[in-house]
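Presented below is the structure to which this report refers.
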Amino acid sequence: MLTKRIIPCLDVKDGRTVKGVNFVNLRDAGDPVELGALYARQGADELTFLDITATVEKRKTLSELVKRVSRNLNIPFTVGGGIKSIEDVRVLLESGADKISINTEAVHHPEKVDAFAGEFGSQCVVCAVDVRHNGSFWEVFINGGRTSTGIETITWVKELESRGAGEILLTSMDHDGVKQGFALDITSEVSSVLSIPVIASGGAGTMDHFVDVFTEGKADAALAASIFHFQEIAIPDLKEYLQQKGIPMRIIDQQEQ
Amino acid sequence: MNGTVAVVQYNAGNIRSVVCALNRLGIEPLVTDDPGKLREAGRVIFPGVGEAKSAMEYLDSRGLSKVLRELTQPFLGICLGLQLMCLHSEEHDTPVLGMFRENVLKFPPEDKVPHMGWNRITGLDNPLFAGIPEGSYVYFVHSYYVASGPDTIASCMYIRPFSAALGRGNFFGTQFHPEKSGAVGQQLLSNFLNLETDPRTRKE
């Protein structure tokens, strides 16, 4: 049976992880490579690196980082942040990334989704969609959630799928960082109308929130950051718990990694 | 043949991931589309992410189809690589290389397609799986599948039972990505690199 995926997300700036990560057993918790390898050993099913480096010059550090990650990581990983051109994608894939993620750029230039999927295959094109309920409908936001677009979410994700997106990473901005659970309604709706997998993001606070997003929310994967980084929930415990709740999980012997 | 591990260079991605996985095993592979170098290599890996028809057109246009078919050393196709080693693919109705006797079919839309993520492999029946427990999880991304047939050496279930791996003579293929399948995948690649090459031990 295909398992549901658990995906830790690391924010990276100038080649270093950003948020204070309090792993005591790491030599350098700011090193995305070491942190990624630790998550892989713990049974993370994939990793996502989100680059929030502000300047174009410093972005060169990203491809160097991706090379170091790919040398050390034997599970799939996605890189997102500031990707605009086929050349940007090529550099990251040739550095060893398995997938790239785009968000604002897809809204400004939807044809780039077609272009990236056509050039490199849908399997490596993850489209991130940030949404918020505006009182009448679930609206798509861009620029890290600062700018409204007036675009309705279901219409948008269907368009992304038809243009060749391989997966949708759906973040509810109202739920993100609040730790009160994922946005189950919109996640379920998006998952139901699409044939491609949906990764739910935003709101994870307890292990039961993950149960809910995989059952009621119909998500194929769940992404979270701080609860993993601050060890509020350990990945092996989470996966064990979800499996006990009847959700198919890849449980690994930690010795084998 | 020499001790080189060659990775076939062509127009279907993920070559870098395979090279990284081999590096982790201490191997520096030769990425090449040179027929002479492919024939000389001790092992050949045929990765692939992409679409069957354009991949076949590329291989045909460079005279590689015949070269690959006639190789005699241990040969491992991965994902699209495996599908290209079958007889025919439903993806744009494409005749493929024909090392295996199976055909490539499209998943019916009864569940999400592509089949993406970690799934269990069973019926492990080949030295390629030495030391890999029955029911291990490996990473898949594919919209087309190979039904079970005489060359099936591992199976998986998604919408339909399908071949997770095929083997015939010196030719092997995995539908999943060993280079992205954690410790299990690394074990498989290591097994492939250490396969007995005596033809008497080959499965026919």
Side-chain angles (χ1 to χ4, degrees), chain A residues 1-7 40-41 43-46 66-77 89-99 117-124 126 161 166-167 191-192 194-199 218 220-221 239 248-257, chain B residues 11-25 31 48-52 54-55 79-80 107-120 122 131-133 135-143 156-159 176-189:
Chain A
M1 192 172 202
L2 181 63
T3 61
K4 302 288 189 180
R5 288 171 280 153
I6 300 293
I7 307 177
R41 284 199 300 278
D45 296 308
E46 289 184 30
V66 170
K67 278 184 192 162
R68 286 205 300 133
V69 169
S70 61
R71 276 201 292 270
N72 289 281
L73 203 65
N74 55 16
I75 58 171
F77 74 101
V89 178
R90 188 185 312 281
V91 165
L92 293 172
L93 295 181
E94 285 182 356
S95 300
D98 298 291
K99 309 176 189 180
E119 184 75 16
F120 306 106
S122 288
Q123 83 292 330
C124 72
V126 180
E161 179 180 62
E167 286 178 280
S191 188
S192 300
L194 297 182
S195 172
I196 55 176
V198 174
I199 306 162
K218 301 192 178 86
D220 300 285
K239 295 184 86 173
M249 281 284 131
R250 163 182 167 256
I251 306 287
I252 59 162
D253 176 357
Q254 284 197 55
Q255 303 304 315
E256 82 180 30
Q257 288 282 340
Chain B
N11 63 334
N14 103 324
I15 283 169
R16 175 75 199 173
S17 301
V18 173
V19 170
C20 285
L22 292 169
N23 289 163
R24 288 195 293 273
L25 293 167
V31 179
V49 165
E51 181 271 309
S54 61
C79 195
L80 179 66
F107 275 123
E110 294 163 20
D111 201 338
K112 295 206 169 183
V113 177
H115 173 220
M116 179 186 283
W118 297 79
N119 206 333
R120 304 184 88 145
T122 55
I132 297 176
S136 290
Y137 292 101
V138 292
Y139 187 81
F140 291 89
V141 186
H142 59 124
S143 299
C156 183
M157 176 67 203
Y158 185 73
I159 301 179
F176 54 92
H177 289 274
E179 75 279 13
K180 287 287 147 188
S181 292
V184 170
Q186 264 172 252
Q187 178 70 50
L188 184 140
L189 288 173

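Numbered from 1 within each chain, the chains take letters A, B, ... in sequence-line order.
- Heavy atoms only, all atoms of each residue included: Ile75(A) and Ala44(A) are closest at CD1-O, 3.4 Å.
- Among the candidates Ala97(A), Cys124(A), Gly121(A), Ser95(A), the residue making the largest number of heavy-atom pairs closer than 4.5 Å to chain B is Ser95(A).
- The line from CD of Gln187(B) to CG of Leu189(B) is 10.0 Å long, rounded to the nearest 0.5 Å.
- Of the atoms belonging to Val69(A), not a single heavy atom falls under 4.5 Å from chain B.
- In this structure, CG in Asp45(A) is found 5.5 Å from OG1 in Thr3(A), a value given to the nearest 0.5 Å.
- At a 4.5 Å heavy-atom cutoff, the contact between Val141(B) and chain A is made by side-chain atoms alone.
- Taking chain B as the reference chain and counting heavy-atom pairs below 4.5 Å, the highest number among Ser70(A), Pro76(A), Gly96(A) is found for Pro76(A).
- Proximity of the aromatic rings of Tyr139(B) and Phe176(B) is defined here by a centroid distance below 6.0 angstrom, and this criterion is not met.
- With a 4.5 Å cut-off on non-hydrogen atoms, Ser122(A) does not touch chain B at all.
- Two residues are said to be in side-chain contact when any heavy atoms from C-beta on lie closer than 4.5 Å; Pro197(A) and Arg5(A) meet this criterion.
- If you measure heavy-atom distances from Glu94(A) to chain B, the contacts under 4.5 Å come from the backbone alone.
- Contacts with chain B were tallied for Leu2(A), Leu73(A), Asn72(A); Leu2(A) has the most, counting heavy-atom pairs under 4.5 Å.
- If you take CZ on Arg120(B) and CE on Met1(A), they are separated by 11.5 Å, rounding to the nearest 0.5 Å.
- For chain A, the nearby part of His115(B) is the side chain; its heavy atoms alone come within less than 4.5 Å.
- Only the backbone of Glu179(B) comes within contact range of chain A, with at least one heavy atom under 4.5 Å from a heavy atom of that chain.
- Taking CE from Met116(B) and NZ from Lys99(A), the interatomic distance works out to 4.5 Å, rounded to the nearest 0.5 Å.
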